[in-house]
Protein chains: 2
Amino acid sequence: MPDEDSLPEAHEQAARFTQVREAHKTEATEDYVELIDDLIRVNGEARLVDVASRMGVTQPTASKTLARLQRDGFINSEPYRSIFLTDQGKTLANESRLRHEIVFNFLLAIGVSRDAAVRDSEGMEHHVSEETLKVFEKVIRQNSK
Amino acid sequence: MPDEDSLPEAHEQAARFTQVREAHKTEATEDYVELIDDLIRVNGEARLVDVASRMGVTQPTASKTLARLQRDGFINSEPYRSIFLTDQGKTLANESRLRHEIVFNFLLAIGVSRDAAVRDSEGMEHHVSEETLKVFEKVIRQNSK
DNA sequence: CTTATAATTTAGCCTAGGCTCAGTTTATAC
DNA sequence: GTATAAACTGAGCCTAGGCTAAATTATAAG
């Protein structure tokens, strides 16, 4: 039961929520470039139809999001053609994949089932700070010995 | 380097992203009721001005969100008066607080600093499944021995 | 080589959640 | 008890990210 002292300072609490909102803004971008990178590796190219079906959205929704990614310099694509990552997009995709893998392997390491780890790492990866990520890596290393 | 087999089935991958999007929809609601509950405990009442400053948004933004929470049955409030949680709101606030505390204590238990734990638990709490939460609790118990 | 199908885009609509600026209501201070 | 300040609301705008329906372009089949 919290008492008077139990509330953090308003501006600190506000800063945290603001930070979470910032993270949300980049989530879609990260998820899309990560997926596009996967599709290129595995299929040789990334097509909108696959992006849409794997993101679980309709094609017009994927199309609109991809237009934003292009506007912001993460991808390149000609109308009706397949999608390419820019250097900026590749960098973000690599960072996202690494982070995703660390969170996933960490969950496995502490005993979470493969299924839940797959599901939870998708949402968690965007909200883990560098510091926490380092701790996750340490736990993974300890467990693999 | 992924090969042909490395992509999950499209419908499974889609289901995960859809699930994360669902979680996002309830995030704001959970954060607001949790905060309102805290304010009532500590201050005796929850006022919009405090909700806004602690969420890090302007008063009109908080006002609009609170209108939605009222529409959806989580809070009650008369115009220009303070905010009360409905039973549904209280239930959600309790669940959110519990979940938040588990994630926070788990991060501390594995060696994350207090500051980072405070920050990361805010974003992570909405993306941790029941199964993973149980594992987190187990780790907390092991560490407190 | 034409026709049918599949992929992509465009247009238009919706909700959530940000914002500013202006107005109204409530509380506070003389 | 009235003036000022603080709290709250309302109007209107923006972006992101969902959707459907319809048009366009590219591809495949005969």
Side-chain angles (χ1 to χ4, degrees), chain A residues 10 14-36 39 43-84 122-123 126, chain B residues 10 14-36 39 43-84 122-123 126:
Chain A
R16 290 202 297 277
F17 283 119
T18 301
Q19 187 180 306
V20 174
R21 283 196 299 271
E22 285 304 314
H24 277 172
K25 283 197 210 158
T26 62
E27 277 190 39
T29 302
E30 290 177 10
D31 289 338
Y32 272 76
V33 297
E34 205 178 329
L35 174 57
I36 290 164
L39 287 169
N43 295 345
E45 65 172 352
R47 304 293 317 203
L48 181 135
V49 63
D50 297 314
V51 170
S53 79
R54 288 181 176 276
M55 289 302 302
V57 298
T58 60
Q59 291 183 14
T61 295
S63 186
K64 199 195 278 192
T65 301
L66 290 173
R68 180 175 63 73
L69 296 200
Q70 182 150 19
R71 184 199 68 193
D72 295 346
F74 294 102
I75 65 169
N76 271 143
S77 108
E78 309 271 310
Y80 297 96
R81 289 283 137 80
S82 64
I83 304 145
F84 302 93
E122 200 71 72
H126 307 287
Chain B
R16 290 202 298 276
F17 283 119
T18 301
Q19 188 180 305
V20 173
R21 282 196 301 271
E22 286 303 314
H24 277 171
K25 282 197 210 157
T26 62
E27 276 190 38
T29 303
E30 290 178 10
D31 289 338
Y32 271 77
V33 296
E34 206 178 328
L35 175 57
I36 289 164
L39 287 170
N43 295 346
E45 64 172 352
R47 304 293 317 202
L48 181 135
V49 63
D50 297 314
V51 170
S53 80
R54 287 179 177 278
M55 288 302 302
V57 298
T58 60
Q59 290 184 15
T61 295
S63 186
K64 198 195 278 192
T65 302
L66 290 173
R68 180 174 62 73
L69 296 201
Q70 183 151 19
R71 184 199 68 194
D72 294 346
F74 294 101
I75 64 168
N76 271 145
S77 108
E78 309 270 311
Y80 297 97
R81 288 287 138 81
S82 64
I83 303 144
F84 302 93
E122 201 70 71
H126 307 288

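Quick note on labels: first sequence line is chain A, next is B, and so on, each numbered from 1. Source: prediction; values computed, not measured.
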On DNA chain D, does the nearest nucleotide to A/Lys64 precede the nearest nucleotide to B/Val49 from the 5' side, or the other way round? Give the residue.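 The 5'-side residue here is B/Val49.
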Considering heavy-atom distances to DNA chain D, does A/Pro60 or B/Glu78 have its closest nucleotide positioned more toward the 5' end?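 Residue closer to the 5' terminus by nearest nucleotide: B/Glu78.
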Give one of base, sugar-phosphate or nothing for A/Pro79, where a contact means two heavy atoms less than 4.0 Å apart.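 Since only primed, P, OP1 and OP2 atoms lie under 4.0 Å of A/Pro79, the category is sugar-phosphate.
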Within the 4.0 Å heavy-atom criterion, would you say B/Ala28 contacts the bases, only the backbone, or no part of the nucleic acid?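 Touches sugar-phosphate only.
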Tell me: [atom1] of [X] to [atom2] of [N], nearest whole Å?
X: A/Leu66; N: D/dG18; atom1: CG; atom2: P; result: 12 Å
X: B/Asp31; N: C/dG17; atom1: CG; atom2: P; result: 10 Å
X: B/Lys25; N: C/dA16; atom1: NZ; atom2: C1'; result: 10 Å
X: B/Arg81; N: D/dA7; atom1: CZ; atom2: P; result: 15 Å
X: A/Arg47; N: C/dT5; atom1: CZ; atom2: C1'; result: 15 Å
X: B/Gln59; N: C/dG17; atom1: CD; atom2: C1'; result: 16 Å
X: B/Glu27; N: C/dG18; atom1: CD; atom2: P; result: 11 Å
X: A/Arg21; N: C/dA16; atom1: CZ; atom2: P; result: 17 Å

Would you indicate which nucleotide in [options] comes nearest to any side-chain atom of [X]?
X: A/Leu48; options: D/dC8, C/dG18, C/dT8; value: C/dT8
X: A/Thr61; options: C/dC21, D/dC19, C/dA7; value: D/dC19
X: B/Arg71; options: D/dG18, C/dC19, C/dA16; value: C/dA16
X: A/Thr58; options: C/dT8, D/dT20, C/dG17; value: D/dT20
X: B/Tyr80; options: D/dC8, C/dT8, D/dG18; value: D/dC8

For B/Arg68 and C/dT15, is the shortest distance between a side-chain N/O and OP1 or OP2 below 4.0 Å?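 For C/dT15, OP1/OP2 do not have a side-chain N/O of B/Arg68 under 4.0 Å.
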Between B/Gly56 and B/Asp72, which has a closest nucleotide on DNA chain C that is more 5'?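 Closer to the 5' end of DNA chain C: B/Asp72.
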Member of A/Leu69, A/Ile36, A/Val33 meeting the side-chain contact (heavy atoms from CB on, under 4.5 Å) criterion with A/Ile83: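 Filter result, single survivor: A/Ile36.
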Can you check whether A/Gly56's main-chain N or O pairs, donor with acceptor, with B/Arg21's side chain at less than 3.5 Å?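 Looks like yes, one N/O pair under 3.5 Å.
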Regarding B/Thr26 and B/Thr29, is there a side-chain donor-to-acceptor distance under 3.5 Å anywhere?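 No, no side-chain donor-acceptor pair sits under 3.5 Å.
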When you check the side-chain N and O atoms of A/Thr65 and A/Arg68, is any donor under 3.5 Å from an acceptor?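 Looking only at side-chain atoms, A/Arg68 and A/Thr65 do not form any donor-acceptor pair under 3.5 Å.
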With a 4.5 Å heavy-atom cut-off, do A/Asn76 and A/Gln70 have their side chains touching?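 They are in side-chain contact.
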